[in-house]
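First the structure, in the form of structure tokens, and then the observations on it.
Count residues from 1 along the sequence. All figures in this text were calculated on a predicted structure; none of them were measured in a lab.
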Amino acid sequence: TRLRHRLPGCVTPQAIDSSLPDEAVKTLCLKYAALERRLGEIDRARALLTHASQFADPVRDPNFWVQWNDFEVKHGNEDTFREMLRCADY
């Protein structure tokens, strides 16, 4: 079963995951996270990236992890960066 991370606001895992293929869920989360980042909603963007991480294998999808790494370098701190690394090491 998939891990369920708390998503921001009215977005629920069921709304994003509803019968979509994993790749589509990841893409949707990345796009929505980019929107939230542009709106200054950094915590909401991070929650979406955390949720999407369960669909992104670090070996097969390094682009996702580079994007999240860049996000944390720009907006995060040591704790949020460590959480990203924890998600990558599943």
What heavy-atom pair brings P58 and A88 nearest, and what distance separates the two atoms? CG-O, 3.2 Å

Say you draw a straight line from CZ of R44 to CG of L35; how long is it, rounded to the nearest 0.5 Å? 9.0 Å

Start with the C-alpha gap between K31 and T27, add the side-chain angles, then the distance that decides, and say whether side-chain contact (heavy atoms from CB on, under 4.5 Å) holds. CA-CA 6 Å; K31 288 181 179 185; T27 300; 3.9 Å; yes

For E41, side-chain hydrogen bond (donor to acceptor under 3.5 Å, both in side chains) partners two or more places apart: none

Does the side chain of C87 come within less than 4.5 Å of W68's, by heavy atoms? yes

Taking all heavy atoms of N77 and all of D79, pick out the closest pair and write down the distance. OD1-N, 2.8 Å

Say you draw a straight line from CG of D61 to CG of D22; how long is it, rounded to the nearest 0.5 Å? 11.5 Å

How close do T50 and S53 get, counting heavy atoms only, and between which atoms? O-OG, 2.6 Å

Transitive ILVMFWY side-chain link Y32 to L39, under 4.5 Å: yes

Once rounded to the nearest 0.5 Å, what's the spacing between atom CZ of R37 and atom CG of L30? 11.5 Å

Can E72 and R46 be counted as an ion pair, charged N to O under 4.0 angstrom? yes

Is L85 close to D89 at the side-chain level, that is, under 4.5 Å between some pair of heavy atoms? no

What class does the angle between the rings of H75 and F71 fall in, given that below 30° is parallel, 30 to 60° is tilted and above 60° is perpendicular? tilted

Would you say V73 and I42 are hydrophobically clustered, going by side-chain heavy atoms of ILVMFWY under 4.5 Å? yes

So do the side chains of F64 and D57 get within less than 4.5 Å of each other, counting heavy atoms only? no

Spatial distance of atom CG (L49) from atom CD (E36) [nearest 0.5 Å]: 10.5 Å

